[in-house]
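The next block holds one structure in the form of structure tokens; read it before the comments.
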Amino acid sequence: MRVLLVGAGGVGTAVTRIAARRPFFELMVVADHDPARAEAAVAALGADGGRFRAERVDAADEAQVTALLERHGCDVLLNATDPRFVMPLFRAARAGGATYLDMAMSLSRPHGERPYEECGVKLGDEQFARAADWEEAGLLALVGMGVEPGLSDVFARYAADELFDEIEEIGVRDGANLTVDGYDFAPSFSIWTTIEECLNPPVVYEKDRGWYTTEPFSEPEVFDFPEGIGPVECVNVEHEEVLLVPRWVDARRVTFKYGLGREFTDTLRTLHLLGLDRTEPVTVPGPDGPVKVSPRDVVAACLPDPATLGDRMHGKTCAGTWVRGTKDGAPREVYLYHVVDNQWSMAEYGCQAVVWQTAVNPVVALELLATGAWSGAGVLGPEAFPAGPFLDLLTEYGSPWGLREQ
């Protein structure tokens, strides 16, 4: 396997450090719009970097990405950029005849008249609209293969296959007790993506109703997270699992709730109130005359890079899937979860917990594709594949998962 990794930020760098310890691939080309970032990611591997090459690429330039795939003979494109670049990279992989993996899907657009009741363009719609083309070509686009979406979807498939006869509800629940020394507000993941997820209308799935939307931060609940994290208030957030799980797993209801905390939600509400969540450029004065800038890009530029916060972070992050249903005629309720301690991920890989937890899952998926344990054609989510091989290999990577009876 020869892999083109696009994006050498926090998650992309973590991908290289995890993959360097595994023998399943021949070459990994690390490409970024900033060549210094790609070179730094490869250089940090030291003696383990012999199978890696650094390149510059504009992720929005489909022809340039396709040419890079062809120049290095890469048969897989792993997208580690933010969701704005999903579609150009998705199309470039198709043009280059390569397998495609991402960790976030094509962007949504709210309904023009009833944004908090009806879906407009849903997450992933643009990709699924091209599913027949990928299937006819015998090519695979594995979408939403990070941690959430990704591992959470694998948990949903495992629950359906191994733990339940009928499922009433699948609810992804994400929470942490992470703190960052020296900052009053320092998100542990991309603020651009966090704003997109948290301020868009959340999507809920019900079997008798289909997909519908609610207001941001709706239906608050307190969820008790394992391994010492404890109770965290969680709220509805737009996320890919709600759009992916019902395509392959039979459940009456699917939700995603994020443990943001009151301070975080208040900050996001303020950004929205001021229009600082907008992506459309606004004109502002500059030293050489008026310039156009995206308010959301300004917010991101004013905050620390999450990938650089590991040394200041303390605590654990938990991604998991809560499932309620019946088994052998009796009610059952479980929480399948994966916890990463920031102290461990920093000591073992030099990566903060949230980006490491995101990065490990596409590497596991790549290895399953390389060995043939996973295979397929079309545009498929993680639920389309058997869960057992993934969870076994994740444990082999030194990062076990857990199951708690509720």
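- Judged by the 6.0 Å and 45° rule, Arg269 forms no cation-pi pair with Phe217.
- A donor-acceptor pair is defined here as one N or O able to donate and one able to accept, closer than 3.5 Å; no such pair exists between the side chain of Asp48 and the backbone of Arg21.
- Within the 3.5 Å criterion, the main-chain N or O of Ala8 finds a donor-acceptor partner in the side chain of Asp32.
- For Phe385 and Trp248, the distance between ring centers is not under 6.0 angstrom.
- Classified by interplanar angle (parallel below 30°, tilted 30° to 60°, perpendicular above 60°), the ring pair Tyr349/Trp356 is tilted.
- Side-chain contact check for His272 and Asp277: at least one donor-acceptor pair (N or O, by modelled atom type) lies under 3.5 Å.
- Remark: the Tyr212 side chain and the Glu118 side chain contain no N/O donor-acceptor pair separated by less than 3.5 Å.
- In summary, of the residues considered (Glu219, Lys257, Glu221), a side chain to side chain donor-acceptor pair (under 3.5 Å) with Asn236 occurs for Glu219 alone.
- No donor-acceptor pair under 3.5 Å is formed between the side chain of Ser375 and the backbone N or O of Gly372.
- Ala14 pairs by the side-chain contact (heavy atoms from CB on, under 4.5 Å) definition with Cys351, Ala359, not counting sequence neighbours.
- Remark: the backbone N or O of Leu391 is paired with a side-chain donor or acceptor of Thr395 at under 3.5 angstrom.
- His314 and Asp181 form a side-chain donor-acceptor contact under 3.5 Å, judged by distance and modelled atom types alone.
- The cationic atom of Arg247 (NZ for Lys, CZ for Arg) lies less than 6.0 Å from the six-membered ring centre of Phe128 and within 45° of the ring axis.
- Glu238 and Ser108 share a donor-acceptor pair across their side chains, judged by distance under 3.5 Å alone.
- Residues Phe223 and Tyr335 bring their aromatic ring centres within 6.0 Å.
- Stacking of Arg173 on the aromatic ring of Phe256 is not recorded, the 6.0 Å distance cut-off and the 45° axial limit not both being met.
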Subject >> Criterion side chain to side chain donor-acceptor pair (under 3.5 Å) on Asp102 and Gln127, from CA distance to verdict >> reply: CA-CA 11 Å; Asp102 63 28; Gln127 291 170 288; 3.0 Å; yes
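- Under the rule for a side-chain hydrogen bond (donor to acceptor under 3.5 Å, both in side chains), the partners of Arg296 that lie at least two apart in sequence or sit in another chain are Glu196.
- With no hydrogens or angles considered, a side-chain donor-acceptor pair links His338 and Gln357 at under 3.5 Å.
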Subject >> Derivation of the side-chain contact (heavy atoms from CB on, under 4.5 Å) call for Asn200 and Leu107 >> reply: CA-CA 10 Å; Asn200 275 351; Leu107 292 171; over 6 Å; no
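- Side-chain N or O atoms of Asp341 include none that pairs as donor or acceptor with a backbone N or O of Lys316 at under 3.5 Å.
- Put simply, the side chain of Gln352 gets close to the backbone of Val355: a donor and an acceptor are under 3.5 Å apart.
- Glu333 and Trp322 share a side-chain donor-acceptor pair at under 3.5 Å.
- Within the structure, the salt bridge (charged side-chain N to carboxylate O under 4.0 Å, His left out) test picks out the following pairs touching residues 355-371 (sequence neighbours left out): Arg22-Glu367.
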